[in-house]
S.K.: 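Dropping the structure in here first, questions after.
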Amino acid sequence: MICVACYAILVSCAPSQKPTEFISLDAQIPADLLQPISVPQRALNTNRDLALRILDYREGLDLANERIASIACIVAPDDGTRNCSKADEN
């Protein structure tokens, strides 16, 4: 029984028959798209402060999603499911 388990482990660790294929990307991603998004740290003294902090996080999330979509348009060809028009680049 132990031999069967050892054999299964060794077979699963064996190199695959298909060679590894490396893909080179020629696209250059602008540095500003790779920068982290900072959200101001507000003191929470009132409900207004809490609402402003939630809005700050929402704006940061929207900006992060826009950057991810922009990187996707640069790296992957447009398959018709995204809005990757040239006007959106500026």
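As the structure is a prediction and not an experimental result, all values here were calculated from the model.
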S.K.: Tell me whether L33 is reachable from V75 by hopping between hydrophobic residues (I, L, V, M, F, W, Y) whose side-chain heavy atoms are closer than 4.5 Å.
M.R.: yes

S.K.: Report the distance from atom CG of N65 to atom OG of S70, rounding to the nearest 0.5 Å.
M.R.: 10.5 Å

S.K.: The criterion is side-chain contact (heavy atoms from CB on, under 4.5 Å); which residues satisfy it with I54, sequence neighbours excluded?
M.R.: L50

S.K.: Between I71 and L34, is the side chain to side chain contact (heavy atoms under 4.5 Å, CB included) condition met? List the steps.
M.R.: CA-CA 9 Å; I71 292 171; L34 301 175; 4.0 Å; yes

S.K.: Under the salt bridge (Lys or Arg N to Asp or Glu O under 4.0 Å) definition, can you give me all pairs with a residue in residues 29-48, not counting sequence neighbours?
M.R.: R42-D56

S.K.: Could you give all pairs that pass the salt bridge (Lys or Arg N to Asp or Glu O under 4.0 Å) test and reach residues 57-68, with sequence neighbours left out?
M.R.: R58-D62

S.K.: Could you check whether any side-chain heavy atom of P30 comes within less than 4.5 Å of a side-chain heavy atom of I74, counting everything from C-beta outward?
M.R.: yes

